[in-house]
Amino acid sequence: MVSKKVIVRNKSGLHMRPASVFVKLCSSFESDIKFSIRDKNYNGKSLMSTLGAVVKKDDEIEIFTDGKDEKEAMDAIVKEIENGLGE
């Protein structure tokens, strides 16, 4: 398992469009992908779970990847978040 904290910088946080980008990316990997915010865990491969986290601009989330492509998944997810999730 690999984990890393990252700050969501895009202006709308993880709302519909960026959340869709996030979930699509997470779903492209075999590893289990979860994230936590405010002491709750969410499934990175579920749009409903991701939207339910209500992640806003400048929130810090911790991402957890676990599986055979966990490192590649983590690198790609962190890079996408740092690049604004398509915004």
Side-chain angles (χ1 to χ4, degrees):
M1 179 184 294
V2 179
S3 69
K4 184 168 184 172
K5 292 182 179 180
V6 64
I7 296 176
V8 176
R9 298 282 186 202
N10 60 308
K11 59 186 169 187
S12 64
L14 283 181
H15 294 284
M16 187 56 86
R17 186 174 31 241
S20 295
V21 170
F22 177 78
V23 170
K24 184 175 181 181
L25 177 61
C26 290
S27 296
S28 72
F29 294 97
E30 288 185 38
S31 294
D32 288 331
I33 301 172
K34 310 275 187 223
F35 67 96
S36 67
I37 183 170
R38 294 179 284 280
D39 297 322
K40 291 188 178 180
N41 295 320
Y42 299 90
N43 182 353
K45 294 184 176 185
S46 165
L47 184 58
M48 294 305 291
S49 181
T50 300
L51 289 172
V54 191
V55 178
K56 297 179 178 153
K57 182 182 190 295
D58 296 328
D59 279 347
E60 181 180 71
I61 63 173
E62 186 168 10
I63 302 167
F64 303 90
T65 58
D66 187 22
K68 67 181 190 179
D69 57 357
E70 62 190 26
K71 183 160 176 29
E72 296 85 0
M74 181 65 72
D75 292 344
I77 293 164
V78 169
K79 181 179 178 183
E80 187 64 35
I81 291 171
E82 289 175 345
N83 288 333
L85 295 159
E87 290 192 335

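The basis for the numbers below is simple: all heavy atoms, side chains too, and nothing from hydrogens, waters or symmetry mates.
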>> Between Ser31 and Asp69, is there a side-chain donor-acceptor contact under 3.5 Å, judged purely by atom types and distance?
In response: yes
> Side-chain contact, heavy-atom cut-off 4.5 Å: Tyr42 with Thr50?
Replying inline: no
> Can you tell if the side chain of Asp58 reaches within under 4.5 Å of the side chain of Arg9, non-hydrogen atoms only?
Replying inline: yes
> Of all heavy-atom pairs between Pro18 and Gly13, which one has the smallest distance, and what is that distance?
Replying inline: CG-O, 3.1 Å
> Is any side-chain heavy atom of Leu51 closer than 4.5 Å to a side-chain heavy atom of Met16?
Replying inline: yes
> In Å, rounded to the nearest 0.5 Å, how long is the span from CD1 of Ile37 to CG of Asp59?
Replying inline: 4.0 Å
>> On a heavy-atom basis, which atom in Ser49 and which in Ser46 lie closest, and how many Å separate them?
In response: N-OG, 3.1 Å
> Heavy-atom count around Lys57 NZ within 6.0 Å, excluding the residue itself: above 12?
Replying inline: yes
> Where the side chain of Arg17 meets the backbone of Gly86, is there a donor-acceptor pair that is under 3.5 Å apart?
Replying inline: no
> Just wondering, do Cys26 and Ile77 contact through their side chains at under 4.5 Å, heavy atoms?
Replying inline: yes
>> For a 4.5 angstrom cut-off between non-hydrogen side-chain atoms, does Ser20 reach Leu47?
In response: yes
> Okay, side chain of Thr65, backbone of Glu70: is any donor-acceptor separation there less than 3.5 Å?
Replying inline: yes
> Should Asp32 and Phe64 count as side-chain neighbours, where that means a heavy-atom distance under 4.5 Å?
Replying inline: no
>> Please check: side-chain N/O of Ser28 versus main-chain N/O of Leu25, any donor-acceptor pairing under 3.5 Å?
In response: yes
>> If you compare all heavy atoms of Val78 against all heavy atoms of Val6, which two are closest, and at what distance to 0.1 Å?
In response: CG1-CG2, 4.5 Å
> Lys68 and Glu30: salt bridge (Lys or Arg N to Asp or Glu O under 4.0 Å), yes or no, with the steps?
Replying inline: CA-CA 7 Å; Lys68 67 181 190 179; Glu30 288 185 38; 3.6 Å; yes
>> Are His15 and Ser12 packed together at the side-chain level, in the sense that at least one heavy-atom pair is separated by less than 4.5 angstrom?
In response: yes
> Is any NZ, NE, NH1 or NH2 atom of the basic residue among Lys4 and Glu62 found under 4.0 Å from an Asp or Glu carboxylate oxygen of the other?
Replying inline: no
> Which pair of non-hydrogen atoms, one from Val55 and one from Phe35, has the smallest distance, and what is that distance?
Replying inline: CG2-CE1, 4.0 Å
> Does the salt bridge (Lys or Arg N to Asp or Glu O under 4.0 Å) test come out yes or no for Asp75 and Lys79, once each step is laid out?
Replying inline: CA-CA 6 Å; Asp75 292 344; Lys79 181 179 178 183; over 6 Å; no
>> Walk me through whether Ile63 and Ile81 qualify under side-chain contact (heavy atoms from CB on, under 4.5 Å).
In response: CA-CA 11 Å; Ile63 302 167; Ile81 291 171; 3.6 Å; yes
> Is there a donor-acceptor contact under 3.5 Å from the side chain of Ser36 to the main chain of Asp39?
Replying inline: no
> Rounded to the nearest 0.5 Å, how far does CE of Met74 lie from CZ of Phe29?
Replying inline: 10.5 Å
>> Has Lys45 got a side-chain atom pairing as donor or acceptor with Lys34's backbone, closer than 3.5 angstrom?
In response: no
> Looking only at heavy atoms, what is the nearest atom pair of Ala73 and Ile33, with distance?
Replying inline: CB-CD1, 4.2 Å
>> For Glu80 versus Val21, what's the shortest heavy-atom pair and its separation?
In response: OE2-CG1, 3.7 Å
